[in-house]
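Notes to accompany the following structure.
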Amino acid sequence: LAKTTQPISMDSYEGQEVNITCSHNNIATNDYITWYQQFPSQGPRFIIQGYKTKVTNEVASLFIPADRKSSTLSLPRVSLSDTAVYYCLVGVYSGGGADGLTFGKGTHLIIQP
Amino acid sequence: GAVVSQHPSRVICKSGTSVKIECRSLDFQATTMFWYRQFPKQSLMLMATSNEGSKATYEQGVEKDKFLINHASLTLSTLTVTSAHPEDSSFYICSASDLRRGPLSTDTQYFGPGTRLTVL
């Protein structure tokens, strides 16, 4: 079971780029890395998913080094509305079990004006 | 695409009553649905995994007779909290995935908006 470690909280300002790193030292060969965003009293929202190197979509980029023992979510030009808890989830549902579906404590990102 | 709904969004009930929460995938077929519970200022905790047409798999420490899960179709799963007590008050969240592409799937979980349960 790949355990993840993230900073508990981060602060930044509007317009800045924010990078949140997640450590997952015992990631397995088949595991994918997925990041979610959660606002209070809402379900998590999918942000981005990757396996290796770099993935980019319209809202974020995900950087994964060659050893895959960590990953970094990059949010370009954040705004106040990006204040939320961000979770990285590592694993894959193998059909026979739910390994990798354990959410860590997440990172509470606070964006200030 | 990939929209998941939950109903009700909020429910208040008396201790001892049962409450049913519905989770629906609106625009895709979900072979697998997951049920989570989240207490204030804490992370999501997986309660059980529900596969369409088969019995749910419960995580350690979750009472299957108390939290009844039914996944009768590819678009609907229900969680029934039986004989609810105040300690069951929590935020219940479901997620859905379509895992028919193979035994090891990268398919993402898509989450519902959650149901706030308050037991008086």
Side-chain angles (χ1 to χ4, degrees), chain A residues 1-9 22 27-52 55 57-60 62 64 68 84-108 110, chain B residues 1-6 9-10 21 23 25 30-52 54 56-60 62 90-118:
Chain A
L1 182 65
K3 182 179 178 180
T4 61
T5 303
Q6 303 173 234
I8 295 297
S9 65
C22 179
I27 188 170
T29 302
N30 294 324
D31 287 347
Y32 278 71
I33 301 158
T34 311
W35 284 80
Y36 293 89
Q37 175 193 56
Q38 187 182 29
F39 297 112
S41 296
Q42 294 187 26
R45 182 178 74 99
F46 170 82
I47 301 175
I48 198 166
Q49 183 183 69
Y51 183 80
K52 62 180 179 181
V55 180
N57 62 22
E58 62 275 11
V59 297
L62 179 60
I64 305 168
R68 304 200 327 122
V85 178
Y86 292 81
Y87 295 99
C88 91
L89 199 62
V90 173
V92 63
Y93 180 70
S94 63
D99 280 357
L101 298 180
T102 300
F103 278 78
K105 296 184 184 299
T107 297
H108 189 189
I110 300 172
Chain B
V3 178
V4 177
S5 70
Q6 277 184 246
S9 59
R10 184 182 297 268
I21 302 170
C23 177
S25 56
T31 57
T32 304
M33 289 185 172
F34 305 92
W35 287 95
Y36 294 82
R37 181 166 52 181
Q38 186 175 34
F39 293 107
K41 299 189 183 301
Q42 294 187 23
S43 185
L44 287 79
M45 183 182 72
L46 180 65
M47 299 174 66
T49 303
S50 165
N51 290 300
E52 184 265 339
S54 62
T57 301
Y58 291 82
E59 295 300 299
Q60 191 172 9
V62 178
S90 188
F91 191 53
Y92 291 86
I93 310 170
C94 73
S95 71
S97 294
D98 183 356
L99 302 178
R100 287 176 290 181
R101 297 181 193 176
L104 295 178
S105 175
T106 68
D107 284 21
T108 304
Q109 296 180 69
Y110 295 97
F111 286 84
T115 297
R116 174 75 59 192
L117 171 63
T118 302

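Sequence lines set the chain letters: A, B, ... in the order given, protein chains first and strands last, and positions in each chain run from 1. Owing to the predicted nature of the structure, the values given are computational and were not obtained by experimental measurement.
- Of all the listed residues (B/Gln38, B/Gln6, B/Lys41), the one sharing the greatest number of non-hydrogen pairs under 4.5 Å with chain A is B/Gln38.
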For this session: Walk me through it: do B/Gln109 and A/Thr34 pass the test side-chain contact (heavy atoms from CB on, under 4.5 Å)?
Result: CA-CA 9 Å; B/Gln109 296 180 69; A/Thr34 311; over 6 Å; no

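- For A/Tyr87, the part sitting under 4.5 Å from any heavy atom of chain B is the side chain, from C-beta outward, and nothing else.
- In this structure, B/Ile93 and A/Pro44 have side chains that are in contact, with non-hydrogen atoms separated by less than 4.5 Å.
- Checking side-chain atoms of A/Tyr36 against main-chain N and O of B/Phe111 turns up no donor-acceptor pair under 3.5 Å.
- Between A/Lys105 and B/Ser43 the shortest heavy-atom distance is CA-CB, 4.2 Å.
- Annotation for B/Phe91 and A/Gln38: closest pair CE2-NE2, 4.5 Å, computed over non-hydrogen atoms.
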